[in-house]
Amino acid sequence: MSNTLMDDPLLYLNHPHHPSSSSSPAAVSDGDSYLLDTPQIGSASGSFQNEGFLGGGGLDAGFTNEADYGFSRPDFRQGALVGTVELYDRHVFLCYKNPQVWPPRIEAAEFDRLPRLLAAALTARKADMKRQTRLTICEGHDGTETSNGDVLIFPDMIRYRRLTHFDVDTFVEEVFVKDGEWLHGSPEALRGWYIFVCCHGARDRRCGICGPSVISRCKDEMESRGLQGKVSVSPCSHIGGHKYAGNVIIFGPNVKKEVTGHWYGYVMPDDVPVLLEQHIGKGEIVDCLWRGQMGLSEEDQKKSQELRLQVNGGTNVETSTKDSTQTNEVSANMCGSQLEGTRCCQSNEGSPCCQDPAFQEKREDSDFSKGTAKFTAETKNSKKQVSRSNSFKGAGSRKVCSMPTWYECWEREDTYAALAVIGAAISVAFAYNCYKQLG
């Protein structure tokens, strides 16, 4: 059994190739130097005691080195993203405590009874489930919208309240094996969009540093745009692919009103406005940060992106040789906070991706559009200010993706106006010529 599978014994359930174990969604094995070997902590008894304990599960000051583990770390935006999500069909989130008290492997922690028993029950019944199911822990606070013991299920978009360790077996049997309703609780319909950000610092330093800042920016942006009640954001436990921190998953309806779960990697705080504006506001996938999605195999994820790039105008994508020497500064500029009308590019090991929003379908969600109208109006003023810098310094440097030329940035209405002016000039010249001949 591979090291990757042994690292994640309970995160990925019902895997077709590993009936006795589970695996991480990423097709890579992250270096152990980033992992924190902290003692398992949790409640001493019951399901939710000691929630406020801030022991060894969190990051201490010695591990919060931004240069080594944050967005300026050496490996940031150096790997391929697309195709790094293993195939699965259903995502289950158990609301339980908070990242500060989660041990490195909370689903296997001896004293965290509820997540341990739920993970064990799902593993034991995985052969009986029709859908490949993934379990992740998200933050829970009693008395809030996501209380301890609440279970969120995607793409079903339902919530069950207050699961306890006494009910785990019947819950798994009735909901996941029989695909029915839990007899001891009524399912509540989830509405809007749900964003989960890996903040599992006890598991990996990169997630512990990058995740919280992405969460903070999400909350600020949601408040400024009045999106509370329409978009929910929550920290979650390890989802696989430490090296891609910040890792983000977004669940919500696409243009066909089908619930999808899209994974993004290398997400910086400055990328949050792009995800809110393009992915949630317009239903456009931000390909430069896209890892894959629920329901697609790794190969299908790559094909899906290739098809989008062809539809979105592949003429602006320059084929480049495989080269991982591009600097973090260039990566940030290319995949940073590029707003409406700007292309977002990144090289993924010889498969660059560019996104042109002009060619993509628009979501017909008037409620959300009202919430983001102010932001859209502000960003329209920057549509024409597109960087034309496409060359990098260094012996191994190359162009990642050619930026739009002045002609490509020319607005359609500008074109019509120019043609009108030219037509008017020609008409005046023709009339003047006729006047001279008649005179």
Side-chain angles (χ1 to χ4, degrees), residues 4 8 11-13 15 22-30 76-77 79-93 131-138 152-155 157 193-200 203-204 206-207 210-211 214-215 218 231-254 258-268 271-272 274-276 278-280 283-309 335 344 346 348-349 351 353 355:
T4 303
D8 296 281
L11 283 178
Y12 188 62
L13 309 169
H15 192 282
S22 58
S23 69
S24 162
V28 296
S29 179
D30 296 320
F76 186 66
R77 289 185 174 167
L81 284 174
V82 64
T84 58
V85 179
E86 286 191 3
L87 174 64
Y88 75 110
D89 306 304
R90 176 169 53 196
H91 210 143
V92 179
F93 287 84
R131 290 188 283 173
Q132 298 181 34
T133 302
R134 177 183 294 276
L135 172 64
T136 301
I137 310 302
C138 67
L152 314 179
I153 306 174
F154 302 94
M157 291 292 283
W193 294 80
Y194 286 79
I195 302 174
F196 296 94
V197 182
C198 181
C199 297
H200 201 166
R203 183 64 181 271
D204 188 85
R206 291 165 289 191
C207 298
C210 297
V214 174
I215 288 275
C218 283
V231 180
S232 172
V233 61
S234 176
C236 70
S237 63
H238 172 66
I239 58 175
H242 308 290
K243 65 186 292 184
Y244 306 123
N247 283 301
V248 175
I249 308 178
I250 302 178
F251 293 96
N254 59 16
E258 301 168 338
V259 176
T260 58
H262 290 271
W263 293 49
Y264 289 102
Y266 294 141
V267 177
M268 300 176 65
D271 297 316
V272 170
V274 184
L275 294 176
L276 291 177
Q278 294 186 194
H279 184 107
I280 296 180
E284 299 171 355
I285 294 175
V286 183
D287 276 302
C288 64
L289 302 173
W290 193 67
R291 290 182 57 182
Q293 77 179 75
M294 176 177 62
L296 291 183
S297 67
E298 295 94 323
E299 189 62 30
D300 286 339
Q301 292 162 21
K302 296 176 182 178
K303 292 179 180 179
S304 174
Q305 186 180 81
E306 290 174 0
L307 179 61
R308 283 196 303 273
L309 299 181
C335 265
C344 181
Q346 177 189 13
N348 283 338
E349 294 186 359
S351 299
C353 61
Q355 181 179 19

For Arg131, does its backbone N or O pair with a side-chain atom of Thr133 as donor and acceptor, under 3.5 Å? yes
If you define the side chain from C-beta out and look only at heavy atoms, does anything of Leu307 sit under 4.5 Å from Leu309? no
Does Glu284 reach the main-chain N or O of Gln278 with its side chain, forming a donor-acceptor pair under 3.5 Å? no
Can a salt bridge be assigned to the pair Lys302 and Asp287 using a cut-off of 4.0 Å between side-chain N and carboxylate O? no
Please examine the side chains of Trp193 and Pro253, heavy atoms only from C-beta on, and report whether any two atoms are closer than 4.5 Å. yes
Please determine whether side-chain contact (heavy atoms from CB on, under 4.5 Å) holds for the pair Arg308 and Trp290, giving the CA-CA distance in whole Å, both sets of side-chain angles, and the decisive distance to 0.1 Å. CA-CA 12 Å; Arg308 283 196 303 273; Trp290 193 67; 3.2 Å; yes
Side-chain contact, heavy-atom cut-off 4.5 Å: Val92 with Thr136? no
Here the gap from Tyr88 atom OH to Gln293 atom CD, rounded to the nearest 0.5 Å, amounts to 9.5 Å
Are any non-hydrogen side-chain atoms of Arg90 and Gln132 less than 4.5 angstrom apart? no
Rounded to the nearest 0.5 Å, the CD1 atom of Ile249 sits from the CH2 atom of Trp263 at a distance of 4.0 Å
Nearest 0.5 Å please: distance from the NE2 atom of His279 over to the NE2 atom of His262. 5.0 Å
Give, for atom OH of Tyr266 and atom CG of Asn247, the distance between the pair rounded to the nearest 0.5 Å. 9.5 Å
Kindly indicate whether the side chain of Met268, heavy atoms from C-beta on, has any atom under 4.5 Å from the side chain of Val214. no
Heavy-atom side-chain contact between Val82 and Arg291 under 4.5 Å: no
Approximate separation, where rounding is to 0.5 Å, of Leu275 CG and Leu289 CG: 6.0 Å
Considering non-hydrogen atoms only, spot the tightest contact between Leu81 and Gly265 and give its length. CD1-O, 3.8 Å
Between Tyr194 and Phe251, is a ring pair (Phe, Tyr, Trp, His ring centres under 6.0 Å) present by the stated rule, with each step listed? CA-CA 5 Å; Tyr194 286 79; Phe251 293 96; 8.4 Å; no
On a heavy-atom basis, which atom in His91 and which in Met294 lie closest, and how many Å separate them? N-SD, 4.2 Å
For Pro235 versus Ile215, what's the shortest heavy-atom pair and its separation? N-CD1, 3.6 Å
Mutual orientation of the aromatic rings belonging to Phe196 and Phe93 [parallel < 30°, tilted 30-60°, perpendicular > 60°]: parallel
Which heavy atom in Ser304 sits nearest to a heavy atom in Leu296, and how many Å separate them? CB-CD1, 4.3 Å
Between the side chain of His200 and the main-chain N/O of His238, is any donor-acceptor distance below 3.5 Å? yes
Does any non-hydrogen side-chain atom of Val85 lie less than 4.5 Å from one of Ile239? no
Cys198 SG to Arg203 CZ distance, which is reported to the nearest 0.5 Å: 9.0 Å
Please give me the minimum heavy-atom distance between Ser234 and Cys138, naming the atom from each residue. OG-CB, 3.8 Å
Carefully, step by step, assess Arg206 and Phe76 under the rule side-chain contact (heavy atoms from CB on, under 4.5 Å). CA-CA 10 Å; Arg206 291 165 289 191; Phe76 186 66; over 6 Å; no
Any donor-acceptor pair under 3.5 Å from Tyr264 side chain to Val286 backbone: yes
